[in-house]
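Chain naming here is simple, since letters A, B, ... match the order of the sequence lines and numbering starts at 1 in each.
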Protein chains: 2
Amino acid sequence: MNARPLDRDAATHRGLGAVVIELSAAIVAVSDEAPKTLLVSPADLAPRQGLPYGPFDPAGHRTLEEGLRAWVQEQTALHLGYVEQLYTFGDRFRDPKERAGGPRPVSVGYLALVRQTALKDVGESTWGDWYRYFPWEDWRDGQPALLESLIVPQLMDWLEDAKTKPDRTRRQERINLAFGLGGSAWDNERVLDRYELLYEAGLILEASLDAGQEASPKRAAVQARAGAVLTKDHRRILATAMGRLRAKIKYRPVIFELMAPTFTLYQLQRAVEALSGARLHKQNFRRLVANEGLVVPTGHISDQTGGRPAELFSFRREVVHERPAPGVRVPVKVSKRTT
Amino acid sequence: MNARPLDRDAATHRGLGAVVIELSAAIVAVSDEAPKTLLVSPADLAPRQGLPYGPFDPAGHRTLEEGLRAWVQEQTALHLGYVEQLYTFGDRFRDPKERAGGPRPVSVGYLALVRQTALKDVGESTWGDWYRYFPWEDWRDGQPALLESLIVPQLMDWLEDAKTKPDRTRRQERINLAFGLGGSAWDNERVLDRYELLYEAGLILEASLDAGQEASPKRAAVQARAGAVLTKDHRRILATAMGRLRAKIKYRPVIFELMAPTFTLYQLQRAVEALSGARLHKQNFRRLVANEGLVVPTGHISDQTGGRPAELFSFRREVVHERPAPGVRVPVKVSKRTT
DNA sequence: GAAAGTTATACTTACTTTGAGCATATCATT
DNA sequence: AATGATATGCTCAAAGTAAGTATAACTTTC
């Protein structure tokens, strides 16, 4: 025990392999009732798209977050408001360059929220629908057909592939929990669990690419239907972002970072639905939002609706002081599930 | 715009300043009704204690978490069960070696939970009471005297030091939110907010050490009473761990990672109280725990109590499948606060 | 210009959960 | 046997929730 050198810092500095720190941003907005994320496709990522990212520069960046903001501003001309760190990934071989002798990328993922107003494509960057990359996550029109027709059967194959009995049990458990099978309910926050499970089961194209192996034609056909591919581990970061955001809107008023300064209650509901991937009970939603004191009527009226004009509301900042966990309650409308 | 080199990875590899990735673990256990954390005091950290940590080795470590587990095992002979990544910090000058030309440390903090049974000091490592480092966080015997006598007045001084009006307002807001003043309630999860505020206000010894300045004798006296010092930014990591854990016990059954295989409901309550830093309503606590199906009676009886023997329970793993967010509910007993 | 469709919002009702407390059971100690 | 400690059962009012119905205020269609 304690075979390590006494000065671990110096040891690191000299001895160990090369590492680069990448700062990546999942920049999220909601428009047209869809959650969207900003994607870039610069030459060095081709042909895959990816999140805006750049290396951390210890000389120029005082903090990691500052570095991230600088990179995003440079690459997309967007000035970020709300920014939150998500997770740091350092798994081997998530970047093809590593196999070719490149340094190990350690990527620090961030979630940033911007308003619809800022939503225009700039240069190489475009806004992509979240659900394009995670089609199984959108339950607004009931359970996505993809789940029953493709994903669950494939997961069952993966389950059968288990070498040992305990391994099989563990796989079964994970599948049940992540995908709401075997008595568990679908938890819309477990986005990352689901993605990682699909990755391990080989249904995600990135898994084959990272492994440096061509998938069989059959498998490739499956992967083609399981969401669009991104570069490196950016889809994983996006999954983390989605999961975090779905959880966070419930206990912090982050949803308002995505809304225009004034909005109707229905617009607010639509935004929450878009993020949550579920339909909400309208009357209860308004009651909850009103009771929690999250919004305040502006007295103005929207004229953009088809029917009766709706009142415009704005976010009531003071809630943050009044309640311990001021977030939007999410009264999910239960749709009958096919078990 | 887009003045960056096309291949950002190669650019990083060559051009930028040196970075090391440190993996640090806040290892938490509960015993004697106190939350404890494992601290080491190897030569290279002297005279300050610190969390177990070591550099990430891309050649040897397949993932960051694997690297962390390896380091902890080597340094403390502890085999970790539950491990969770917390946050990645990369702020400038949190390590004195950096001023002397050392590389920028980027530290990835982890939270690990171990049972009381594993709780013995090994070699250089000792278990320290959490509240030794955050004395203002323990509200089990009412509001800590320290808050009113020392911290709040000092924060008010810091408030007055604000240069501009908006800066003053911002400081006031932060103080109110973090410390439950001006109409806000004390939120036991905002551990990191409070620590960072105290750090900025100069009440934390580490702030002076990081800045490379000696504090005035008066200030030093304040710092001496505001919790014990740790090396580098380890106290910040510990704050993050505490905040995360306090939040997480409410929606994931992580508390059981800290309990022996069987326990009485009162022991469970004591553990939750220790972590939360608040007293709970006993009858309601039991009702909640029972109703949520978190525990199952073993049929055995504890003989360690003073009064009527208590029944022994064990964790019911299946809850994880039944409820969307199975955690221990925390029915805090409100003690009258002096505003 | 009346009917139909759309959207907004108010209100009802049965049911569940919570907060706070009282009461009682079962032990050790004096 | 009395006292004190802990464990556990139970009550009850207040508040909150899910799932509706009802009605209001507009646009579009015929």
Side-chain angles (χ1 to χ4, degrees), chain A residues 33 185 250-251 262-273 276 278-314 319 322-336, chain B residues 33 185 250-251 262-273 276 278-314 322-337:
Chain A
E33 307 191 357
K250 292 178 190 160
Y251 62 91
T262 69
F263 45 83
T264 70
L265 292 184
Y266 196 50
Q267 285 169 343
L268 186 66
Q269 180 181 344
R270 286 308 210 185
V272 174
E273 288 180 340
S276 305
R279 288 275 165 235
L280 307 184
H281 188 284
K282 193 188 208 171
Q283 295 91 326
N284 290 342
F285 177 79
R286 347 182 110 245
R287 178 174 45 101
L288 290 171
V289 168
N291 282 2
E292 312 247 321
L294 282 167
V295 295
V296 58
T298 61
H300 294 237
I301 296 288
S302 163
D303 48 0
Q304 317 231 12
T305 62
R308 171 174 167 176
E311 186 162 12
L312 286 167
F313 290 80
S314 61
V319 257
E322 298 165 1
R323 321 192 111 251
V328 171
R329 311 293 301 278
V330 181
V332 174
K333 225 177 199 165
V334 281
S335 56
K336 305 292 163 273
Chain B
E33 305 190 358
K250 292 177 190 160
Y251 62 91
T262 69
F263 45 83
T264 71
L265 291 185
Y266 196 49
Q267 286 169 343
L268 186 65
Q269 181 181 344
R270 287 309 210 185
V272 175
E273 287 180 341
S276 305
R279 289 272 165 240
L280 306 184
H281 187 286
K282 195 190 212 169
Q283 294 91 327
N284 290 344
F285 177 78
R286 327 180 129 253
R287 184 183 44 183
L288 291 172
V289 168
N291 282 2
E292 313 247 321
L294 282 167
V295 296
V296 59
T298 60
H300 295 238
I301 297 290
S302 164
D303 47 2
Q304 318 230 14
T305 62
R308 169 173 171 180
E311 187 161 11
L312 286 167
F313 291 81
S314 63
E322 298 165 2
R323 321 193 111 251
V328 170
R329 310 295 302 276
V330 181
V332 174
K333 224 178 200 164
V334 281
S335 55
K336 303 291 162 271
R337 298 225 10 255

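- The residue B:Q283 sits close to a base: some heavy atom pair falls under 4.0 Å.
- Toward the 5' end of DNA chain C, the nearer of the two residues A:R287 and B:P331, judged by each one's closest nucleotide, is A:R287.
- In this entry the distance linking CG of B:N284 with P of D:dA13 reads 16 Å, nearest Å.
- Note that NE2 of A:H300 and OG1 of A:T262 are 8.5 Å apart. Values are rounded to the nearest 0.5 Å.
- In this structure, A:F313 and A:L265 have side chains that are in contact, with non-hydrogen atoms separated by less than 4.5 Å.
- B:H281 has its NE2 atom 17 Å from the P atom of D:dC10, to the nearest Å.
- The separation between B:L268 atom CG and D:dT6 atom P is 17 Å, rounded to whole Å.
- Atom P of nucleotide C:dT17 and atom CZ of B:F285 are separated by 18 Å, given to the nearest angstrom.
- Here B:K282 does not reach the OP1 or OP2 of D:dT8: none of its side-chain N or O atoms lies under 4.0 Å away.
- Following rounding to the nearest Å, A:L280 (CG) and C:dA8 (P) show an atom-to-atom distance of 14 Å.
- For the pair A:Q267 CD and C:dT9 P, the interatomic distance rounds to 11 Å; values are reported in whole Å.
- Note: CZ (B:R286) to P (C:dA20) measures 18 Å, nearest angstrom.
- The CD atom of A:E311 sits 10 Å away from the C1' atom of C:dT9 (whole-angstrom rounding).
- Considering only heavy atoms from C-beta on, A:K282 stays 4.5 Å or farther from A:F285 through its side chain.
- B:E273 places a side-chain N or O within donor-acceptor distance of the main-chain N or O of B:L280, the cut-off being under 3.5 Å.
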